[in-house]
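For this chain, numbers begin at 1 and follow the sequence in order.
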Amino acid sequence: MDKARSPVVGIIMGSQSDWPVMREAAKILEDMGVAFEARIVSAHRTPQRLVEYATTAKARGLKVIIAGAGGAAHLPGMAASMTPLPVLGVPVQSKALKGLDSLLSIVQMPKGVPVGTLAIGEAGAANAGILAASIIALEDTAVAAKLDAFRAAQTESVKEVPEE
C-alpha cells in the first residue's frame, strides 16, 4: 500500500480469511505503481461500515473498487449498489461449494447494478488487479507504461516451440 499517494483503488473483502486471495490483487497494483487501500468490510457483519465505505469512495478519490467475498458473497453487489464507481468482484473459494456459490452470487446481479466478475480465487484476484490497473492507465501514463511492459513480458515468457 502506497502511503505517499492517495489511493485510487480500494480493495475490500468480507473477512481476514479472504486476504490471502485478495493479496494477489494488491501485488499486481504494487507492481504497477497504483496506490490502493485494503479494508475488511463485511456486508453481513459490518453493514454500516460497508455503507460508509461505498458511499464515500468516490469523494475520497477512489476510481475503482475490487471486492472479494466468499459464500453468499453479497459484498461486491452491495458496494456496486451504493457507488457510481466500477466494482470488480472476486469470488473467494468457499469450503462448502468450492467458490461456485460465491461466483454465482457475484455474477448474477440484477439489470442496472453491474459488477465485473472475475474468476474464483487467486487468478481472479490477480486479474482484478490487472483490470483495475487498466482502468487507472486510461488517465495515468506511468501506469499505462508499466501495464504495457507487464503484457510484453508475459508474451515473451511463452515459448514458441515446446521443450523436450
| remark: Smallest heavy-atom separation, A69 atom then S102 atom, equals O-CB, 3.7 Å
| said: Test your reading of the model: is there a side-chain donor-acceptor pair from S157 to the backbone of Q154, 3.5 Å cut-off? | reply: yes
| said: So does G89 get a backbone contact from the side chain of T117, meaning a donor-acceptor N/O pair under 3.5 Å? | reply: no
| query | How long is the gap from CG on L50 to CD1 on I40, to the nearest 0.5 Å? | reply | 14.0 Å
| said: Nearest 0.5 angstrom please: K146 NZ to D148 CG, how far? | reply: 12.5 Å
| message | To the nearest 0.5 Å, what is the distance between CG on L75 and OH on Y53? | response | 10.0 Å
| task | Quick one: list whatever passes salt bridge (charged side-chain N to carboxylate O under 4.0 Å, His left out) with K95, sequence neighbours left out. | result | none
| request: Return yes if some donor-acceptor pair links the side-chain N/O of R45 with the main-chain N/O of G14 below 3.5 Å, else return no. | output: yes
| task | Using the side-chain contact (heavy atoms from CB on, under 4.5 Å) rule, take V92 and M13 through it: C-alpha gap first, then chi angles, then the decisive distance, then the call. | result | CA-CA 9 Å; V92 175; M13 65 214 80; over 6 Å; no
| task | Show your reasoning for whether side-chain contact (heavy atoms from CB on, under 4.5 Å) applies to V115 and L88. | result | CA-CA 6 Å; V115 172; L88 307 177; over 6 Å; no
| What closest approach, in Å, do I28 and I130 show between heavy atoms, and which atom pair accounts for it? | CG2-N, 3.6 Å
| message | I need the L97 CG to L103 CG distance, nearest 0.5 Å. | response | 11.5 Å
| remark: Of all heavy-atom pairs linking A35 and S6, the shortest is CB-O, 3.4 Å
| request: Taking all heavy atoms of P76 and all of V87, pick out the closest pair and write down the distance. | output: O-CG1, 3.6 Å
| message | Looking at H74, is its backbone amide N or carbonyl O close enough to the side chain of S105 to form a donor-acceptor pair, meaning the two atoms are under 3.5 Å apart? | response | no
| field | From CA spacing to verdict: side-chain contact (heavy atoms from CB on, under 4.5 Å), I66, V9 | value | CA-CA 7 Å; I66 299 172; V9 176; 4.0 Å; yes
| request: Identify the two heavy atoms, one from L147 and one from S134, that lie closest to each other, and give their separation to 0.1 Å. | output: CD2-OG, 3.3 Å
| field | Path from V51 to V41 over hydrophobic side-chain contacts below 4.5 Å | value | yes
| What residue pairs, at least two apart or across chains, pass side chain to side chain donor-acceptor pair (under 3.5 Å) with a residue in residues 58-71? | E37-R60, T56-R60
| remark: Heavy-atom nearest pair, A57 first then T83, reads CB-OG1, 4.5 Å
| remark: Value for CD1 (I135) from CG (D140), rounded to nearest 0.5 Å, stands at 13.5 Å
| query | So K27 and E24, salt bridge (Lys or Arg N to Asp or Glu O under 4.0 Å) or not? Walk me through it. | reply | CA-CA 5 Å; K27 288 177 189 175; E24 296 301 314; 3.1 Å; yes
| query | How far apart are the C-alpha atoms of N127 and L131, what are their side-chain angles, what is the distance that settles it, and do they pass the side-chain contact (heavy atoms from CB on, under 4.5 Å) test? | reply | CA-CA 6 Å; N127 284 340; L131 192 54; over 6 Å; no
| query | Do F150 and L29 share a hydrophobic cluster, counting only Ile, Leu, Val, Met, Phe, Trp and Tyr and linking them when any side-chain heavy atoms are less than 4.5 Å apart? | reply | yes
| query | CD1/I65 to CZ/R39 distance, rounded to the nearest 0.5 angstrom? | reply | 12.0 Å
| message | Hydrophobic clusters here meaning ILVMFWY residues chained together by side-chain heavy-atom distances under 4.5 Å, can you tell me if V113 and I106 are in one? | response | yes
